[in-house]
Number of protein chains: 2
Amino acid sequence: MSIMPKLPPPNPRQNHLLAALPEDEYARLSVELELVPLQLGMAIYEPGVELNHVYFPTDAIVSLLYVMENGASAEIAVVGNEGIVGIALFMGGGTMPNRAVVQSAGHAYRMKGKLLKLEFARFGGRRHGTLHPLLLRYTMALLTQMAQTAVCNRHHTVDQQLCRWLLLSLDRLPSNELQMTQELIANMLGVRREGVTEAAGRLQKAGLIHYSRGHIDVLDRPGLEARVCECYEVVRQEFERLLPEVPKK
Amino acid sequence: MSIMPKLPPPNPRQNHLLAALPEDEYARLSVELELVPLQLGMAIYEPGVELNHVYFPTDAIVSLLYVMENGASAEIAVVGNEGIVGIALFMGGGTMPNRAVVQSAGHAYRMKGKLLKLEFARFGGRRHGTLHPLLLRYTMALLTQMAQTAVCNRHHTVDQQLCRWLLLSLDRLPSNELQMTQELIANMLGVRREGVTEAAGRLQKAGLIHYSRGHIDVLDRPGLEARVCECYEVVRQEFERLLPEVPKK
DNA sequence: CGGATTCTGTTCGCTGGCGTACCTTCTGCG
DNA sequence: CGCAGAAGGTACGCCAGCGAACAGAATCCG
């Protein structure tokens, strides 16, 4: 698509969960981490299929989607460098009824699920490990994101949801640019492509974003924040509260 | 309201999570359990307020709601005798941005959060306790319920959602009757009361339910199952998969 | 260079659910 | 008994979003 400048490989600790671990725990995990590029549209997992790895994104974003029988879809939650893909591995169950799709290309470090499970178990309980409670708190934050997605789907307009979606994505990216067609956004939000076109058109007319063939520049973030529904802030605050170790942008 | 016949106090093990514990673990917990009646409309917790207890419903149903700034609300998930209210206590964070409201009166056993936390920690990790992984798997099932609520809110009609809601409630109750006004259902689903009136009217006309001033008799459960969207089945199966210890009705 | 494809923009009629307003029917209670 | 309040039913205009169809514009690729 475009010429990707050869950047140095990302540091695992760009992932906030990995960054929050004390040295000894991180050291034990880090030798097991494997850098993988995540290409746009790639499916990390499919519903009902057992995962072999968990993924810690550094500069990619992964969407959790539910795909209905008739092919329509809806985003359940989004995971970037603040989180981990594959919570079913340590929470139990091994699978989820959702798809995980790369929504914004980049990288993640992955590790074998079994190893994470071991580490998760090892430091569970009274021994005051960091990883175990950290992952549980992250799961709570994810839960809140899902809950708020449900609320937003029920009560808010496409315009508001688009703002929420853009802001959630921005928070997980290093720059103010997204690579993302309206078609894909529509799939995520579970609305028609035309609906996104119109909503994005309004944002563009208001000077908040610049849209051009799959490339979005966010020009006025405060402007987006002024238009977004309360859902965004609820989720953001909950992440901040539950994962304070995490550096703010 | 009506004459409540004096029934024997419910057994804690009517709650499926408590029922799934082996004798020794159950014995340790059971001495700490306190029976509390849950009255219709009672708020078990409010957003942001730290819980002192967790609740194991036996024959009551509790709804997790998000209440918006403008007063509108939407149900996020529902907890009955298959689950526990207050996951934030063991998952971490202590609070959630939601309300928990008694949707169907009954009873629950509650215990001090601190004690549950102790037991949760004690049996975490490698020691192969039952409570810890059990609660994590329950949390996964709850997560799926929230995810599916989001999907359902996005894509399905009020009619379908009402069916889903009735079936989810039925699964958590001993009988085929619910005590529930259309107004309250509307609050849960996040729709207008009139919308529920119409949807319920259609179900009644089809002979599936009988509705009368806050009392619903489900006459034809298979009929409801034929009308419900896929969301119900996804959630039900996921609960069954994740919590197989639990006796089926 | 030129055709094919992808992405975006626009239109039109339709419908589900909303907001509002009002009415009837039960039920509980003084 | 009779009234107040709660619960349920109905109607009307309105609008956001849907489905379908199509048109320009940018980009890719042979």
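Quick caveat: nothing in here was measured; it's all calculated off a predicted structure. The chains referred to below are lettered A, B, ... by the order of the sequence lines, with proteins before strands, and numbering in each begins at 1. Side-chain atoms are counted along with the backbone in the values below, which use heavy atoms only and exclude waters and symmetry mates.
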Here the distance between atom P of D/dA7 and atom CD1 of B/Ile216, to the nearest Å, is 13 Å
Between A/Leu166 and A/Leu178, is any pair of side-chain heavy atoms under 4.5 Å apart? yes
Report which part of the nucleic acid B/Glu198 touches: base, sugar-phosphate, or nothing (heavy-atom distance under 4.0 Å, all strands). nothing
Is the shortest side-chain heavy-atom distance between A/Ile84 and A/Tyr55 below 4.5 Å? no
Over-ring placement of B/Arg172 relative to B/Phe239, 6.0 Å and 45° cut-offs: yes
Looking at A/Asp171 and A/Arg221, is any side-chain nitrogen of the basic one under 4.0 Å from a carboxylate oxygen of the acidic one? yes
Options D/dA11, D/dG9, C/dT10, nucleotide nearest the side-chain atoms of B/Arg193: D/dG9
Whole-Å distance separating the NE2 atom of A/His210 from the P atom of C/dG9: 10 Å
Under 4.5 Å between any side-chain heavy atoms of B/Tyr66 and A/Glu230, yes or no? yes
Identify, between A/Arg192 and A/Gly214, the residue whose nearest nucleotide on DNA chain C lies closer to the 5' end. A/Gly214
Looking at D/dA6, I'd like to know if its phosphate oxygens (OP1 or OP2) sit under 4.0 Å from a side-chain N or O belonging to B/Gln182. no
Say whether, by atom type as modelled, one donor and one acceptor occur between the side chain of A/His155 and the main chain of A/Ala150 under 3.5 angstrom. no
In whole Å, I'd like the distance from the CG atom of A/Leu184 to the C1' atom of C/dC7. 11 Å
Tell me: CD of A/Glu194 to P of D/dA16, nearest whole Å? 17 Å
Members of residues 155-167 of chain A that approach DNA chain D, where some heavy atom sits under 4.0 Å away: A/Thr157, A/Val158
Could you tell me whether the side chain of B/Leu219 reaches within less than 4.5 Å of the side chain of B/Leu208, counting heavy atoms only? no
C/dT8 C1' sits how many Å from A/Arg202 CZ, rounded? 15 Å
Hey, which of A/Arg202, A/Arg164, A/Lys205 is the one that makes salt bridge (Lys or Arg N to Asp or Glu O under 4.0 Å) with A/Asp159? A/Arg202
Quick one: are A/Leu142 and A/Gln145 in side-chain contact, heavy atoms under 4.5 Å? yes
Please state how far atom CZ in B/Arg154 lies from atom P in C/dG17, giving the value in whole angstrom units. 13 Å
For A/Leu203 and C/dG9, give me the distance from atom CG to atom P, rounded to whole Å. 12 Å
Along nucleotides 1-6 of chain C, 5' to 3', which nucleotides get a B, which get an S, and which get a -, given that the test is a protein heavy-atom distance under 4.0 Å? -----B
Report the distance from atom OH of B/Tyr211 to atom P of D/dT10, rounded to the nearest whole Å. 15 Å
